[in-house]
Novice: 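One structure follows; several queries about it will come next.
Because the structure is predicted, anything quoted here is derived from the model rather than measured.
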Protein chains: 2
Amino acid sequence: MDQPYDIYQERCPTRMVLDRLADKWALLILDRLRDGPVRFNHLRRDIAGISQKVLSQTLKKLERDGLISRQVFPTVPVTVEYALTGLGRTLTDTVAALAHWAEANMDAVLAAQKAYDSIGR
Amino acid sequence: MDQPYDIYQERCPTRMVLDRLADKWALLILDRLRDGPVRFNHLRRDIAGISQKVLSQTLKKLERDGLISRQVFPTVPVTVEYALTGLGRTLTDTVAALAHWAEANMDAVLAAQKAYDSIGR
DNA sequence: CTGATAGGTTTCTGTTGGAAACCATGTATC
DNA sequence: GATACATGGTTTCCAACAGAAACCTATCAG
């Protein structure tokens with residue numbers, strides 16, 4: 001049962017999908033939505049350092065890819081909630097694994113960088 | 001046992017690590033090295049679409065982070081082999097999971113894009 | 001001396017990223 | 001009525017980065 005797709009091929013559509021996933025902000029947003037819907041400005045505050053433009057763009061891309069949904073509430077001021085879709089939820093474990101790896105192995109990476117920089121000079 | 005790091009904080013070092021991992025080419029390289037050492041030009045040919053410059057840069061960053069090792073053989077012409085380090089090997093399952101998700105769920109993503117584009121117009 | 005191979009670096013240019021300003025809407029404040 | 005604040009964005013500007021293509025160094029084959 002071979003997959004009909006090969007991610008190593010340039011024109012394979014899986015490349016586009018990987019490209020979307022291989023984005024720091026997209027990963028952080030997906031991870032942040034794990035526990036339920038979150039509003040725009042709440043995301044902006046939680047994910048320190050993201051700009052409004054990039055948050056807006058990234059949310060749009062994720063929505064287009066069917067990974068998150070956008071719901072507008074006619075409150076005042078208007079409220080917009082973003083949530084994972086069923087498809088998006090199938091990704092969260094993998095995304096969380098990446099984030100967890102980063103947290104768990106950060107010391108090793110920092111040590112490696114230090115060693116590399118002191119030798120390579 | 002709380003982690004001392006919070007990936008949502010802007011100046012947290014885990015952000016740097018996530019940043020490195022959130023790179024299409026880095027993920028493809030790490031995945032490609034799963035089965036053993038590979039030479040520079042072999043990588044270039046296998047990972048269709050990558051340029052020499054980007055391959056060279058990405059390999060350097062991964063080496064600096066301690067995820068891959070670089071070994072030069074004084075053959076003629078010189079041969080350079082890249083391989084996963086122990087640290088890099090702890091990542092491969094997660095990376096493979098991402099690539100596998102992309103291959104498995106690509107149809108759903110493409111369908112979502114089509115639906116989004118036809119409505120949003 | 002032309003070409004091929006290996007592993008890069010350099011140059012140029014178009015796309016992207018982030019910072020900051022701006023905008024529309026409505027509500028509360030003075 | 002002017003001022004300020006909140007929401008959820010868009011626009012503008014500039015610096016950084018990505019990719020394509022050319023170039024480089026070295027060695028060997030013909």
Side-chain angles (χ1 to χ4, degrees), chain A residues 7-12 15-16 18-29 32-33 37-65 68-83 116 120-121, chain B residues 7-12 15-16 18-29 32-33 37-65 68-83 116 120-121:
Chain A
I7 207 161
Y8 292 110
Q9 286 312 301
E10 189 165 6
R11 311 226 168 278
C12 180
R15 273 285 183 86
M16 298 188 337
L18 185 67
D19 226 357
R20 186 67 22 91
L21 264 36
D23 172 26
K24 174 179 62 171
W25 300 125
L27 292 177
L28 284 172
I29 291 171
R32 186 62 194 76
L33 292 179
V38 183
R39 284 182 301 102
F40 183 89
N41 275 328
H42 201 147
L43 279 173
R44 186 158 78 89
R45 277 187 289 264
D46 283 1
I47 302 176
I50 195 169
S51 72
Q52 286 191 319
K53 186 183 86 169
V54 173
L55 177 56
S56 170
Q57 284 174 344
T58 309
L59 287 169
K60 252 185 224 162
K61 288 180 199 166
L62 290 174
E63 189 195 357
R64 177 165 182 266
D65 288 348
I68 66 174
S69 63
R70 189 186 120 107
Q71 196 176 358
V72 180
F73 296 95
T75 54
V76 120
V78 67
T79 307
V80 182
E81 254 186 22
Y82 293 91
Y116 182 94
R121 193 167 307 277
Chain B
I7 206 160
Y8 291 111
Q9 287 312 301
E10 190 165 7
R11 311 227 168 278
C12 180
R15 272 286 183 84
M16 297 187 338
L18 185 66
D19 227 358
R20 185 68 21 93
L21 264 38
D23 173 25
K24 175 179 61 171
W25 299 125
L27 292 177
L28 284 172
I29 290 171
R32 187 61 194 77
L33 293 179
V38 183
R39 286 182 300 100
F40 184 90
N41 275 328
H42 202 148
L43 279 172
R44 187 159 79 89
R45 276 187 290 265
D46 282 1
I47 302 176
I50 196 170
S51 71
Q52 286 190 320
K53 187 184 84 169
V54 173
L55 177 56
S56 169
Q57 285 173 344
T58 308
L59 286 170
K60 253 185 224 162
K61 288 181 199 168
L62 289 174
E63 188 195 359
R64 177 167 183 264
D65 289 347
I68 65 174
S69 63
R70 188 187 123 109
Q71 197 176 356
V72 180
F73 296 93
T75 55
V76 121
V78 65
T79 307
V80 183
E81 254 186 19
Y82 294 92
Y116 183 94
R121 191 166 306 277

Novice: If the condition is side chain to side chain donor-acceptor pair (under 3.5 Å), which residues does A/Ser56 pass it with, not counting sequence neighbours?
Specialist: none
Novice: For A/His42 and D/dG8, what is the distance between atoms NE2 and C1' respectively, to the nearest whole Å?
Specialist: 15 Å
Novice: I'd like to check A/Met16 versus A/Asp65 (side-chain heavy atoms, cut-off strictly below 4.5 Å). Are they in contact?
Specialist: no
Novice: Any side-chain heavy-atom pair from B/Asp23 and A/Lys24 closer than 4.5 angstrom?
Specialist: no
Novice: Does C/dT5 have OP1 or OP2 under 4.0 Å away from a side-chain N or O of B/Arg44?
Specialist: no
Novice: When you measure from the side-chain N and O atoms of A/Arg45 to the phosphate of D/dT7, is any distance below 4.0 Å, counting only OP1 and OP2?
Specialist: yes
Novice: Under 4.0 Å between any heavy atoms, over every strand shown, what does A/Phe73 touch: base, sugar-phosphate, or nothing? Just pick one.
Specialist: nothing
Novice: Using atom CD of A/Glu10 as one end and atom C1' of D/dA18 as the other, report the distance to the nearest whole Å.
Specialist: 14 Å
Novice: I need the NZ-P distance between B/Lys24 and D/dA18, as an integer number of Å.
Specialist: 10 Å
Novice: Starting from C1' on D/dA20, measure out to CH2 on B/Trp25 and report it in whole angstrom.
Specialist: 13 Å
Novice: Between D/dT7 atom P and A/Glu81 atom CD, what is the distance in whole Å?
Specialist: 14 Å
Novice: Less than 4.5 Å apart, any side-chain heavy atom of A/Leu28 and any of B/Leu18?
Specialist: yes
Novice: Figure out the CG/P separation between B/Asn41 and C/dT9, and round it to whole Å.
Specialist: 13 Å
Novice: Identify, residue by residue, the members of residues 48-62 of chain A with a heavy atom below 4.0 Å from DNA chain D, and return them in order of residue number, or none.
Specialist: A/Gln52, A/Lys53, A/Ser56, A/Lys60
Novice: So what does A/Thr79 touch, heavy atoms closer than 4.0 Å: a base, only the sugar-phosphate, or nothing?
Specialist: sugar-phosphate
Novice: First locate atom CD1 of B/Ile68, then atom NZ of B/Lys61, and finally report the distance between them rounded to the nearest 0.5 Å.
Specialist: 12.0 Å
Novice: Between atom CG in A/Asp19 and atom P in C/dT15, what is the gap in whole Å?
Specialist: 16 Å
Novice: May I ask you to test the A/Ile29-A/Arg32 pair for a side-chain heavy-atom distance under 4.5 Å?
Specialist: no
Novice: Identify which nucleotide among C/dG18, C/dG7, D/dT7 has an atom closest to any side-chain atom of B/Val78, counting heavy atoms from C-beta outward.
Specialist: C/dG7
Novice: C/dA6 phosphate, OP1 or OP2: any side-chain N/O from B/Tyr82 under 4.0 angstrom?
Specialist: no
Novice: Nearest whole angstrom, please: distance from the C1' of D/dT7 to the CD of A/Gln71.
Specialist: 16 Å
Novice: Reckon A/Arg39 touches a base, only the sugar-phosphate, or nothing at all at heavy-atom distances under 4.0 Å?
Specialist: sugar-phosphate
Novice: In a check of side-chain contact (heavy atoms from CB on, under 4.5 Å) between B/Phe40 and each of B/Val78, B/Thr79, B/Leu59, which one passes?
Specialist: B/Leu59
